[in-house]
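To start, the structure itself, in structure tokens.
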Amino acid sequence: MKKVRVRFAPSPTGGLHLGGVRTVLFNYLFAKHHGGEFVLRIEDTDQTRYVEGAEEYIMECLDWCGLKPDESPVAGGPFVPYRQSERKPMYLEYAEKLLSAGHAYYAFDTPEQLDAKRKEIPNFQYGQAFRNEMVNSLTLTDVEVKEYLERGVPHVIRIKMPANETISFTDMIRGEVSFDTTLVDDKVLLKADGMPTYHLAVVVDDYLMKISHAFRGEEWLPSAPVHLLLWKYLGWEAEMPEWAHLPLILKPEGNGKLSKRDGDRLGFPVYAMNWTDPKTGDLTRGFRELGFLPQAFVNMLAMLGWNDGTEQEIFTMDELIEKFSMERVSKAGAKFDFEKAKWFNAEWIKRSEVEGLRLMVEEVLEKNSITVTDQDYLDKVIALVKDRCVLLTDFWPQASFFFRRPAELDISAVKPKWNDDKTTFFEHLLTKIAASPNWNATDLENDFKVLAEEKAIKVGELMLPFRIMLVGGKFGPAVFDIAALIGKEETAERVNKFLTLVNE
RNA sequence: GGCCCGUUCGUCUAGGGGUUAGGACGCCAGAUUUUCAUUCUGGAAACACGGGUUCGAUUCCCGUACGGGCUACCA
């Protein structure tokens with residue numbers, strides 16, 4: 001097998017979509033599984049769609065997900081440049097080669113003329129059926145063409161699709177796929193501005209960059225015959241990559257592929273990270289800022305259309321690399337399920353070591369104006385609450401009371417059953433606490449229970465009030481653990497505060 | 001419309017000529033946790049339809065239906 005080289009070739013037009021990240025992931029896993037290289041190539045051939053910051057955003061996404069390209073516009077590599085706009089001069093040569101071999105032709109039709117034609121003819125296709133009615137080097141005389149060219153009349157170069165040929169190939173996921181060339185139109189290869197279209201650019205760059213396997217979304221399947229023919233006409237057939245067209249990620253409710261708008265509408269992220277449109281200033285929320293762990297995000301994406309044949313669902317990147325194979329990717333599109341995505345995240349948080357969570361939790365706390373000064377304390381808090389967090393952002397509601405006194409106490413939860421005996425109990429608890437030389441959960445629990453017995457109050461009647469005092473509400477880890485962690489003084493303060501409040 | 005791709009619980013999927021069609025998410029019930037979550041146990045829930053092929057099809061073939069993609073000088 002030749003050296004495996006794959007590429008992810010996004011167009012920098014905005015935020016990186018779930019499906020895009022999954023395409024990168026499958027490329028990456030395949031490459032690393034085979035000890036090959038993963039290339040990032042920017043397909044910025046459409047200047048009208050260029051969006052400021054999109055390229056940087058894409059690279060940051062890859063970085064966050066841990067999908068590091070071996071070659072890229074910033075990392076460089078043996079096949080520079082990796083931005084198609086910077087490769088512009090290279091494409092003309094190949095287009096001309098096709099021209100002289102009769103596999104392509106000049107077309108001078110203006111966009112307006114094409115629009116008119118499309119309106120006039122219901123199923124207009126620039127190809128077999130209508131190319132002879134258009135203004136191109138097939139219908140013009142050589143002299144005319146030469147004259148047009150010399151005059152600088154805007155023109156494109158189109159591929160000349162052959163008639164009545166069946167072109168087929170073996171897709172690594174779908175098996176044999178075939179097309180009738182008569183039904184495929186004469187795609188534009190080189191635009192009037194001298195830039196190649198995707199069709200020419202992928203083929204030329206995949207060849208030049210020695211790409212061994214080309215993986216992309218299923219939406220590219222219909223244009224595969226154009227690419228196959230180009231490989232053939234350019235004389236590179238022997239080096240053509242193997243293809244795999246990945247199934248699409250669909251909207252949760254069924255109809256259509258997932259788009260950014262679905263996220264806004266249904267209330268879940270579609271982009272990997274927050275994306276702010278530089279023109280409108282609109283913010284689209286991403287998985288990262290919502291509180292997803294990159295490992296969980298990657299894991300979830302990998303399972304959307306792939307499995308290893310066992311019942312394992314939680315995989316580390318190394319395991320994915322070890323087990324991934326394109327043949328086990330399913331053919332059908334998958335509807336995105338945000339509930340399952342959250343489950344992956346919760347699993348990852350639970351299974352993560354405290355050290356792995358530290359930085360991210362610290363960030364969440366900082367967003368809530370908490371500066372962590374004692375790392376040991378933070379670690380203990382994380383250990384205590386991580387099992388109850390689904391998103392990293394949950395660490396705030398689940399642990400805020402470890403860092404500041406609860407803003408509000410849910411007194412209504414205990415008030416109806418409150419009485420003077422309970423006040424006395426807690427007052428005595430306070431003096432007992434103050435006198436005790438030890439401060440830990442077990443001793444405290446013991447003192448608490450002994451005292452309850454002395455006062456003839458059921459422990460159960462006292463636990464909830466104690467929790468409300470410390471936490472503010474009916475949630476959180478074991479009360480005595482909380483008390484032990486926040487400290488003797490703080491515990492006393494909170495008890496006192498509650499007592500004055502409840503006895504008002 | 002044309003072309004291409006697809007179709008197993010609500011969702012993600014395993015499986016594959018003879019299975020009680022397996023798992024996970026979600027949902028429901030119970031247990032544990034003197035809060036909540038976690039955890040554990042159990043439950044409901046699927047082979048789109050019609051023809052073949054076959055002793056036997058959910059599995060193979062052909063149709064139909066349905067879903068999706070493409071049909072730009074966008075990628």
Side-chain angles (χ1 to χ4, degrees), chain A residues 9-13 20 43-46 48-49 84 107 109-111 114-115 118 122-127 154-158 171 173-174 177-180 182-185 187-199 201-202 216-225 245 247-248 250-257 300 303-314 328 330-344 346-347 350 385-390 394 398 410 413 449 458-468 471 473-479:
Chain A
S11 131
T13 53
E43 307 234 348
D44 55 351
T45 54
D46 185 355
T48 63
R49 294 215 308 165
Q84 287 181 331
D109 319 86
T110 65
L114 289 171
D115 274 354
R118 287 193 184 99
N123 290 316
F124 176 78
Q125 236 191 202
Y126 205 125
H155 61 274
V156 301
I157 295 175
R158 286 180 183 271
D171 185 284
I173 295 170
R174 287 152 218 284
V177 181
S178 50
F179 302 85
D180 177 352
T182 309
L183 277 359
V184 182
D185 56 342
K187 288 271 185 281
V188 170
L189 300 179
L190 207 70
K191 300 186 262 191
D193 64 0
M195 277 288 194
T197 58
Y198 173 83
H199 307 294
V202 241
R216 64 214 321 190
E218 195 186 345
E219 71 267 31
W220 290 107
L221 207 42
S223 55
H245 291 87
L248 267 15
L250 278 11
K251 298 176 200 289
E253 349 97 286
N255 309 298
K257 63 175 172 180
M300 177 271 291
M303 299 310 287
L304 220 48
W306 176 86
N307 71 82
D308 74 340
T310 71
E311 275 163 11
Q312 185 175 348
E313 291 198 273
I314 303 296
R328 286 204 64 88
S330 53
K331 301 189 213 329
K335 288 179 192 162
F336 177 65
D337 181 1
F338 189 49
E339 290 306 316
K340 184 92 184 218
K342 283 193 289 190
W343 174 80
F344 275 107
E347 283 302 306
K350 274 186 291 194
V385 304
K386 73 189 180 85
D387 283 7
R388 28 193 10 114
C389 296
V390 171
D394 291 339
Q398 289 297 334
D410 184 7
K449 285 180 175 168
K458 283 189 202 135
V459 182
E461 296 275 298
L462 298 162
M463 296 274 280
L464 188 62
F466 196 34
R467 169 174 297 280
I468 300 292
V471 174
K474 291 190 271 188
F475 64 95
V479 242

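Worth saying up front: this structure is predicted, and the values here are computed from it rather than measured. Quick note on labels: first sequence line is chain A, next is B, and so on, each numbered from 1.
- In this entry B:C66 has B:G6 as its Watson-Crick or G-U wobble partner, both defining distances falling under 3.5 Å.
- With distances taken from any side-chain atom of A:Lys449 to the nucleotides B:C12, B:G69, B:U34, the minimum falls on B:U34.
- Nucleic acid contact class of A:Ala192 (heavy atoms, under 4.0 Å, all strands): base.
- Rounded to an integer number of Å, the gap from A:Leu250 CG to B:C66 C1' is 14 Å.
- Taking atom C1' in both B:G52 and B:U20, the straight-line distance is 29 Å, to the nearest Å.
- Taking for each of A:Ser178 and A:Leu464 the nucleotide of RNA chain B with the nearest heavy atom, the 5'-most of the two is the partner of A:Ser178.
- Ring pair A:Phe338/A:Phe336 is tilted by interplanar angle, where 30° to 60° counts as tilted.
- Within 4.0 Å of A:Ala346, counting heavy atoms only, lies no atom of the nucleic acid at all.
- Side-chain N or O atoms of A:Asp171 include one that pairs as donor or acceptor with a backbone N or O of A:His245 at under 3.5 Å.
- Counting non-hydrogen atoms under 4.0 angstrom, A:Gly305 reaches the backbone sugars and phosphates but no base.
- Atom P of nucleotide B:C4 and atom CD of A:Glu219 are separated by 18 Å, given to the nearest angstrom.
- The nucleotide whose nearest atom lies closest to any side-chain atom of A:Glu43 is, among B:A75, B:A24, B:C4, B:A75.
- Pair assignment for B:U41: B:A29, on the basis of Watson-Crick or G-U wobble contacts that are both within less than 3.5 Å.
- Using N1 to N3 plus N6-O4 or O6-N4 for Watson-Crick, or N1-O2 and O6-N3 for G-U wobble, each under 3.5 Å, B:U19 pairs with nothing.
- At the heavy-atom level, A:Ser223 lies nowhere under 4.0 Å from the strands shown.
- One N or O on the side chain of A:Gln312 and one on the backbone of A:Ile314 form a donor-acceptor pair closer than 3.5 Å.
- Heavy atoms of A:Asp109 sit under 4.0 angstrom from at least one base atom.
- Across all strands shown, A:Thr310 has no heavy atoms under 4.0 Å from either base or sugar-phosphate atoms.
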Inset, instruction - Would you sort out whether A:Phe466 and A:Leu462 count as a side chain to side chain contact (heavy atoms under 4.5 Å, CB included), showing the intermediate values? - result: CA-CA 6 Å; A:Phe466 196 34; A:Leu462 298 162; over 6 Å; no
Inset, instruction - Applying salt bridge (charged side-chain N to carboxylate O under 4.0 Å, His left out), run through A:Asp337 and A:Lys335 and close with a yes or a no. - result: CA-CA 6 Å; A:Asp337 181 1; A:Lys335 288 179 192 162; over 6 Å; no
Inset, instruction - Tell me, with the steps shown, if A:Glu313 and A:Lys340 meet salt bridge (charged side-chain N to carboxylate O under 4.0 Å, His left out). - result: CA-CA 11 Å; A:Glu313 291 198 273; A:Lys340 184 92 184 218; 3.1 Å; yes
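- Atoms OH (A:Tyr198) and P (B:C70) sit 13 Å apart, rounded to a whole Å.
- The partner of B:U54 cannot be assigned: no Watson-Crick or G-U wobble pair with both contacts below 3.5 Å exists in any strand.
- Ranking B:G6, B:C74, B:G69 by closeness to the A:Leu248 side chain, first place goes to B:G69.
- Taking atom P on both nucleotides, B:C73 is separated from B:G15 by 42 Å, rounded to a whole Å.
- Which of B:U39, B:U35, B:A75 sits closest to the side chain of A:Trp220 comes down to B:A75.
- Residue contacts for A:Arg328: at a heavy-atom cut-off of 4.0 Å it reaches the sugar-phosphate backbone alone, with no base atom in range.
- Nucleic acid contact for A:Lys342: none, since no nucleic acid atom lies under 4.0 Å from a heavy atom of the residue.
- A:Val459 comes within 4.0 angstrom of a nucleotide base, judged by non-hydrogen atoms across all strands.
- Of the listed nucleotides (B:A75, B:C4, B:G22), B:G22 has the atom at the smallest distance from the side chain of A:Glu311.
- Here B:A14 is the nucleotide among B:A14, B:C12, B:C73 with the atom lying nearest to any side-chain atom of A:Asn307.
- With rounding to whole Å, A:Asp44 atom CG is found 11 Å from B:A75 atom C1'.
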Legend entry - salt bridge (charged side-chain N to carboxylate O under 4.0 Å, His left out) evaluation trace for A:Arg174 with A:Glu218: CA-CA 10 Å; A:Arg174 287 152 218 284; A:Glu218 195 186 345; 3.7 Å; yes
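- Atom CE of A:Met303 is separated from atom P of B:G26 by 15 Å (rounded to the nearest Å).
- Taking atom C1' on both B:A24 and B:C9, the two are 12 Å apart, rounded to the nearest angstrom.
- The side chain of A:Asp337 lies closest to B:C25 when the candidates are B:C73, B:C74, B:C25.
- The A:Lys187 side chain lies nearest to B:U71 when the options are B:C73, B:U71, B:A75.
- For A:Lys340 and B:A24, a side-chain-to-base donor-acceptor distance below 3.5 Å is present, hydrogens and geometry of angles not being considered.
- A:Pro247 comes within contact range of no nucleotide atom at all, as no heavy-atom separation falls under 4.0 Å.
- Taking CD of A:Glu347 as the start and CE of A:Met300 as the end, the distance is 14.5 Å to the nearest 0.5 Å.
- Nucleotides B:U53 and B:U58 have their C1' atoms positioned 16 Å apart, rounded to a whole Å.
- Rounded to a whole Å, the CD1 atom of A:Ile468 is 14 Å from the C1' atom of B:U34.
- Closest to the side chain of A:Met463, out of B:C12, B:U35, B:U34, is B:U34.
- The nucleotide B:G1 finds its pairing partner in B:U71, both defining distances of the Watson-Crick or G-U wobble pair being shorter than 3.5 Å.
- Atom CG in A:Asp185 sits roughly 13 Å away from atom C1' in B:C73 (whole-Å rounding).
- The base-pairing partner of B:A14, taking Watson-Crick or G-U wobble contacts with both distances under 3.5 Å, does not exist among the strands shown.
- A:Val177 comes within 4.0 angstrom of the backbone, heavy atoms only, and of no base.
- For A:Glu339 and B:C9, the CD to P distance is 20 Å, given to the nearest whole Å.
- Side chains of A:Asp46 and A:Tyr198: a donor-acceptor N/O pair is absent below 3.5 angstrom, by distance only.
- Using atom P as the reference point in both B:C49 and B:U59, the two lie 10 Å apart (nearest Å).
- Using atom C1' as the reference point in both B:U11 and B:U34, the two lie 38 Å apart (nearest Å).
- The backbone N or O of A:Thr182 sits less than 3.5 Å from a side-chain atom of A:Asp180, completing a donor-acceptor pair.
- Distances from the side chain of A:Lys350 to the nucleotides B:G26, B:U38, B:A75 place B:U38 closest.
- Comparing the same atom, C1', in B:G68 and in B:A45 gives a spacing of 25 Å after rounding to whole Å.
- Using a 4.0 Å heavy-atom distance criterion, A:Asn123 is classed as a base contact.
- Across all strands, A:Arg174 comes closer than 4.0 Å only to sugar-phosphate atoms, never to a base (heavy-atom distances).
- B:G2 and B:G10 have their P atoms separated by 31 Å, with the value rounded to a whole Å.
- Looking at which nucleotide of RNA chain B each of A:Leu190 and A:Glu218 is closest to, the 5′-most match is held by A:Glu218.
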